[in-house]
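It should be emphasised that the depicted structure is a prediction, and the values quoted were computed from it without experimental measurement.
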Amino acid sequence: MKIAIDIDNTITASNNSVEFFRMLTTLCISKHQIIIISNRDESDRDVTEEELDVLGIRYNKLILTADKAEYILKHGVEFLFEDTDEIFL
């Protein structure tokens, strides 16, 4: 299963959400593909990777894109954690 998770206001929404996604990604990484997806600029990749490491978020791919909906639909993401639904409108 491909699981995509947004960073800003999803993983980082609160201390509880950080803990939830830390546990979720730790439990799922061995059986599912975890994709962290963000509208952040590609120039922020190193900072983003470091932030995810500090937060303890495990993942297979980090996708930085201006068009999350296109990536999700094109790559067959089956489950999405996202704080806004506007990306599909």
* Asked: If you round to the nearest 0.5 Å, how far is CG of D53 from CZ of R58?
  -> 11.0 Å
* Just wondering, do I35 and H75 contact through their side chains at under 4.5 Å, heavy atoms? -> no
* E19 side chain near N16 side chain, heavy-atom distance below 4.5 Å -> no
* To do: Would you mind listing the cluster partners of I29? Hydrophobic ones only (ILVMFWY), side-chain contacts under 4.5 Å, chaining allowed.
  => M1, I3, I5, I7, I11, V18, F20, F21, L24, I34, I36, L52, L55, I57, Y59, L62, L64, F79, F81
* Asked: With side chains defined as the heavy atoms from C-beta onward, is the minimum distance between S38 and D8 less than 4.5 Å?
  -> yes
* Asked: Who pairs with S43 by side chain to side chain donor-acceptor pair (under 3.5 Å), at least two apart in sequence or on another chain?
  -> D41
* Asked: Which value, rounded to the nearest 0.5 Å, describes the distance between N9 atom CG and E82 atom CD?
  -> 9.5 Å
* Just one of D6, L73, V77 clears the side chain to side chain contact (heavy atoms under 4.5 Å, CB included) bar with K68, so which one? -> D6
* Asked: Should we say atom CD of E50 is surrounded by more than 12 heavy atoms from elsewhere, each under 6.0 Å from it?
  -> no
* Structure fact -> Applying side chain to side chain donor-acceptor pair (under 3.5 Å) to T48 and not counting sequence neighbours gives R40
